[in-house]
Amino acid sequence: MDETLTPSVDVRRAQDRFSTRLGWLDSKHSFAFGHHRDPANTHHGVLLVNNDDVVTPGAGFETHPHRDMEIVTWVLRGSLVHQDSQGNRGVIYPGLAQRMSAGTGILHSEKNDAWRAGVGDVHDEPVRFVQMWVLPDERGIEPGYEQLEIADELLAGGLVPVASGMDAHSRDAAIRIKNRYAALHAARLGPAGAVVVPDAPYVHVFMARGSAELEGAGHLAEGDAVRLTASGGRRLTAVDDAEVLIWEMHAGAA
């Protein structure tokens, strides 16, 4: 651990996030994003984006570019269709982890129109997903895509590695990201279910669903987040049915 870090517990409430609302999109941003500018709120560790998005049926993000970023998408409700310029196409749903390495450059779209992918009838269910962007170890890598079903692992109720570049998770069922200092964990907890937050220089805890009590931080409602600096190893206990996303990061943004 970097001894120069000052231990801190920074609670960020859901209602204080930046928000973008369009006819088809309700997006809440944990960090400065798009036209929301705040030099004091650009990242935590190597996590630059944590967007909580709800997209109406038949709509979504049209084809747009990314470069030099590891992008992890985690669906909480509904389904999301991904297509990109590398020829990758897939439907992402709860329990399916997805990673896109933008590298030297990639174009992709994300839409709530799974029926058009031949997977079902027309529906009227919004899709809700969390999209997270992490800096890669190096720029200019080959673009890539990976998705992996981990719903069975989540049934155990503990922390499950979802996406990781760390050697410690090389044998776990997790998609690989191009950052050897970062890992995303998820847990689905019933009432009184508990996990211990990883001990790392930087940790980002996001209550995706439900509510919980985090040791030293208090009550967390849906959409709340905690940025831990040199302060991991705390116990998180669910108050009701809950889902939590936790980034463990052993490096900061340069």
Side-chain angles (χ1 to χ4, degrees), residues 8-56 59-61 71-78 80 92 94 97 110 112 125-134 154 159 162-163 184-195 197-198 202-229 231-232 234-249:
S8 67
V9 179
D10 183 3
V11 179
R12 303 290 180 115
R13 298 300 178 189
Q15 62 268 23
D16 297 329
R17 291 177 294 176
F18 298 117
S19 180
T20 298
R21 290 187 174 88
L22 305 173
W24 55 273
L25 171 68
D26 183 354
S27 182
K28 298 179 177 64
H29 319 295
S30 296
F31 303 98
F33 187 82
H35 68 276
H36 299 289
R37 304 294 184 184
D38 183 355
N41 183 27
T42 59
H43 68 282
H44 182 64
V46 294
L47 180 65
L48 273 65
V49 169
N50 187 85
N51 287 349
D52 185 353
D53 294 338
V54 177
V55 174
T56 60
F61 298 94
I71 300 173
V72 179
T73 301
W74 185 251
V75 172
L76 297 167
R77 182 180 74 250
L80 186 71
I92 317 164
E110 297 158 304
N112 181 6
E125 181 182 18
V127 58
R128 182 184 171 212
F129 61 99
V130 182
Q131 188 168 92
M132 299 151 280
W133 299 8
V134 172
L154 289 167
L159 276 182
V162 172
L184 170 65
H185 306 265
R188 290 178 181 165
L189 303 171
V195 295
V197 173
Y202 303 95
V203 176
H204 186 268
V205 178
F206 180 67
M207 286 304 307
R209 291 191 303 109
S211 59
E213 297 286 335
L214 178 61
E215 181 183 358
H219 184 79
L220 301 178
E222 184 168 302
D224 289 349
V226 183
R227 303 176 191 185
L228 299 171
T229 303
S231 302
R234 299 163 185 266
R235 188 175 182 85
L236 182 143
T237 306
V239 174
D240 45 24
D241 289 333
E243 187 163 348
V244 62
L245 298 173
I246 301 176
W247 276 98
E248 169 189 359
M249 297 167 285

**Student:** Between Val9 and Val226, is there a side-chain heavy-atom distance shorter than 4.5 Å?
**Tutor:**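 Result yes, sub-4.5 Å side-chain heavy-atom pair found.
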**Student:** Identify, with sequence neighbours excluded, every residue that meets side-chain contact (heavy atoms from CB on, under 4.5 Å) alongside Arg37.
**Tutor:**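 Testing Arg37 for side-chain contact (heavy atoms from CB on, under 4.5 Å), a comparison that skips the adjacent residues, returns none.
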**Student:** Does Arg234 reach the main-chain N or O of Glu215 with its side chain, forming a donor-acceptor pair under 3.5 Å?
**Tutor:**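 A pair under 3.5 Å: yes.
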**Student:** Does one side chain, of Asn50 or Arg17, offer a donor that lies under 3.5 Å from an acceptor on the other?
**Tutor:** no
**Student:** Has Ser231 got a side-chain atom pairing as donor or acceptor with Ser8's backbone, closer than 3.5 angstrom?
**Tutor:** yes
**Student:** Can a donor-acceptor pair be found between the side chains of Thr20 and His35 at a distance below 3.5 Å?
**Tutor:**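 Short answer, no.
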**Student:** Under a 4.5 Å cut-off applied to non-hydrogen side-chain atoms, are Phe129 and Asp53 in contact?
**Tutor:**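 Side chain of Phe129 against side chain of Asp53, heavy atoms only: contact under 4.5 Å found.
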**Student:** Where the side chain of Asp241 meets the backbone of Arg209, is there a donor-acceptor pair that is under 3.5 Å apart?
**Tutor:** no
**Student:** What residue among Arg128, Arg188, Arg77 forms salt bridge (Lys or Arg N to Asp or Glu O under 4.0 Å) with Glu243?
**Tutor:** Arg188
**Student:** Contact between Glu110 and Val55 at the side-chain level, heavy atoms closer than 4.5 Å - yes or no?
**Tutor:** no
**Student:** Looking at Val195 and Leu189, what are the two nearest heavy atoms and their distance?
**Tutor:**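 Shortest heavy-atom contact: CG1-CD2, 3.9 Å.
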**Student:** Is Thr229 close to His44 at the side-chain level, that is, under 4.5 Å between some pair of heavy atoms?
**Tutor:**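 Counting from C-beta outward, His44 and Thr229 do come under 4.5 Å.
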**Student:** Less than 4.5 Å apart, side chain to side chain, heavy atoms only: is that true for Val46 and Trp247?
**Tutor:** no
**Student:** Does the gap between the ring centers of Phe33 and Trp133 come in under 6.0 Å?
**Tutor:**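 Close enough - the centres of the two rings lie under 6.0 Å apart.
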**Student:** Any non-hydrogen side-chain atom of Leu47 less than 4.5 Å from a side-chain atom of Phe206?
**Tutor:**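 A side-chain contact is absent here, since even the closest heavy-atom pair is not under 4.5 Å.
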**Student:** Using 30° and 60° as the class limits, which term best fits the ring planes of Phe31 and His204: parallel, tilted or perpendicular?
**Tutor:** tilted
**Student:** Run through Arg13, Arg12, Gln15, His219 and flag the one making a side chain to side chain donor-acceptor pair (under 3.5 Å) with Asp224.
**Tutor:** Arg13
**Student:** Side-chain contact test, heavy atoms from C-beta onward, threshold under 4.5 Å: evaluate it for Val75 versus Val127 and give yes or no.
**Tutor:** yes
